[in-house]
Colleague: 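The structure's right below; bear with me while I get my questions together.
Chain identifiers are assigned alphabetically (A, B, ...) following the order of the sequence lines, protein sequences preceding nucleic acid strands; residue numbering begins at 1 within each chain.
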Amino acid sequence: MSVITVKQALSGAPSEGATVTVRGWIRTRRDSKAGLSFLHVSDGSCFAPVQVVAPNTLDGYADSVAKLSAGCAVECTGTLVRSQGKGQAFEVQAHQVTVVGWVEDPETYPIQPKAHSLEYLREVAHLRPRTNTFGAVSRVRQTIAHAIHHYFHEHGFQWVNTPIITASDCEGAGQLFRVSTLDFASLPRTPEGKIDFTREFFGRETFLTVSGQLAVEAYCLALSKVYTFGPTFRAENSNTTRHLAEFWMVEPEIAFANLSDDADLAEDFLKYVFRAVLAERADDMAFFVERVDKTAIERLERLERASFARVEYSEAVTILEKSGKKFEFPVKWGLDLQTEHERFLTEEHFARPVVVMNYPAAIKAFYMRLNDDEQTVAAMDVLAPGIGEIIGGSQREERLDVLDRRMAASHVDPGAYGWYRDLRRYGTVPHAGFGLGLERLVTYVCGLANIRDAIPYPRTPGNAAF
RNA sequence: UCCAGCUUAGCUCAGUCGGUAGAGCAGGCGGCUGUUAACCGCCGGGUCGCAGGUUCGAGUCCUGCAGCUGGAGCCA
């Protein structure tokens, strides 16, 4: 007897006629008067469940198999045989079915063999991985995460684990979550009556990171090709289909590189991930096409082939001005592109992913490299049809004098960034990188409408249940 | 945070002009069948989000609140 996965069973492994054990959770049970019950058992190893055929002559059939309902945990031992029915190549002819865990009250089990709304399933986040949709999303997410690590490993990048807790109070844009061990009921005070943060655990104010970029730049200027991949936190009061308060971000950083190299990396990297999903998760992607988004597969195939459009910010503004489209928000050089503008560019004008490059300096962060025109910085956004900004990146300002000017203009305290300035004092080189939200990528690949369905337990304003 | 919409059975929804509640699925029982989110019959299942108001009478109209969803801003 060998314990095998549902995936193995469906492919006939280890061999036809072998005695095998499969373990998993019941999706459906159908009884036949021929003296059989058909159990669909799922274990997450692939999209499809395996069919276990249980004859009513099994020991204890009436008290076990005959009472199984959706969600029950079972261990089934039997012979792996070619299926007599349609719909699967192999099935398990059971000798023994052991109920490992019953469903207490089948009538109120939240996951039924039917279409549930995604909104409802968010309310039962602990049970939604048992559905087709969330099983598929989980496997695609795993494939994407693995492909990300694999891509970087293959290309000589080192994964750098930058800290989750940070002391810098303005790592970039974004509201921060405070990390504190102080007793809120009686806060320590300084003689001036202010909160005495020296009494904090770390002896200073600390927060959850909004980006590992600044920290990873230091490793970039030693190891040449690096990336971070970890949780990131933004305390923004954003209530949209594409924002989370806690999400996973990938941030590669490359030395001796400019913005064009950065865009090349972003495009090559995304295409690699798309290829991996198409190759490894055909079953799950076919389900998304059927139930979630008809174009899920063809979109990935198209993106994997097409070259991304590249356009200067200034040129993008001209395109928008000449488009004849009526936009709700004004289009003018110096203003940031709005969602509607980005959608027009990527969905209508170019009809493929677009990299918009070299934005006005005034609307971008202090660490982005000032171009020779002194008006723009070497920043880029990768826009994708249907989801908008999927990647944001830039070449970093490697010249100390220019960085200091930019920090002053942005009212950033240079004293808090001594170590960051050091990188420009000791062997500085041009370098660049970008940030990619993992959940945005998962949302996009699966064709989901809401980012809250791309992460197991979504954290959004007012919601940290589970 | 701003704007809009939604909230009826375990789930998905219907509910007309204001007259005291319906279907499908799920569950239970029975029938039928190597079945494929099976099919057929019967049965149980409701504080119509909460609090007020109008009315002889409110699921339905009005006000407030809450939750959810969508759009916007911010961004990955």
Colleague: More 5' along RNA chain B: A/Pro110 or A/Leu244, using each one's nearest nucleotide?
Modeller: A/Pro110
Colleague: Once hydrogens and angles are ignored, does a donor-acceptor distance under 3.5 Å link the base of B/C11 to the side chain of A/His116?
Modeller: no
Colleague: Base, sugar-phosphate, or nothing: which does A/Gln51 touch, judged by heavy atoms less than 4.0 Å apart?
Modeller: base
Colleague: By nearest nucleotide on RNA chain B, pick out whichever of A/Ile451 and A/Phe38 is the more 5' one.
Modeller: A/Phe38
Colleague: Would you say the side-chain atoms of A/Ser32 and A/Arg30 include a donor-acceptor pair closer than 3.5 Å?
Modeller: no
Colleague: Side-chain N or O of A/Arg30 versus OP1/OP2 of B/A37: is the shortest distance under 4.0 Å?
Modeller: no
Colleague: Determine, stepwise, if the pair A/Glu304 / A/Lys271 fulfils salt bridge (charged side-chain N to carboxylate O under 4.0 Å, His left out).
Modeller: CA-CA 5 Å; A/Glu304 194 268 315; A/Lys271 287 179 173 177; over 6 Å; no
Colleague: Within the side chain of A/Glu91, is there an N or O that forms a donor-acceptor pair under 3.5 Å with the backbone of A/Val81?
Modeller: no
Colleague: Assign a letter to each nucleotide of nucleotides 23-33 of chain B from its 5' end: B, base within under 4.0 Å of a protein heavy atom; S, sugar-phosphate only; -, no contact.
Modeller: -BBBS----BB
Colleague: Checking A/Gln395 against A/Asn258: is there a side-chain donor and acceptor pair closer than 3.5 Å?
Modeller: no
Colleague: Within the pair A/Thr232 and B/A76, is there a side-chain N or O less than 4.0 Å away from OP1 or OP2?
Modeller: no
Colleague: Examine the base of B/U1 for any acceptor or donor lying under 3.5 Å from a partner atom in the side chain of A/Asn239, and report the outcome as yes or no.
Modeller: yes
Colleague: Look at the side chain of A/Ser238 against the base of B/C74 and say whether a donor-acceptor pair falls under 3.5 Å; ignore hydrogens and angles.
Modeller: yes
Colleague: Starting at CD of A/Glu119 and ending at P of B/U7, how long is that distance when rounded to a whole Å?
Modeller: 13 Å
Colleague: Counting just side-chain N and O atoms, does A/Arg440 come under 4.0 Å of either OP1 or OP2 of B/C75?
Modeller: no
Colleague: Side chain of A/Arg242 only, please: which of B/C74, B/G70, B/A76 is the nearest?
Modeller: B/C74
Colleague: Can you find a pair of side-chain heavy atoms, one from A/Arg128 and one from A/Val137, that are under 4.5 Å apart?
Modeller: no
Colleague: Starting from Watson-Crick (N1-N3 plus N6-O4 or O6-N4) and G-U wobble pairs under 3.5 Å, report the runs of at least three that RNA chain B belongs to.
Modeller: B:1-7 with B:66-72, B:10-13 with B:22-25, B:27-31 with B:39-43, B:49-53 with B:61-65
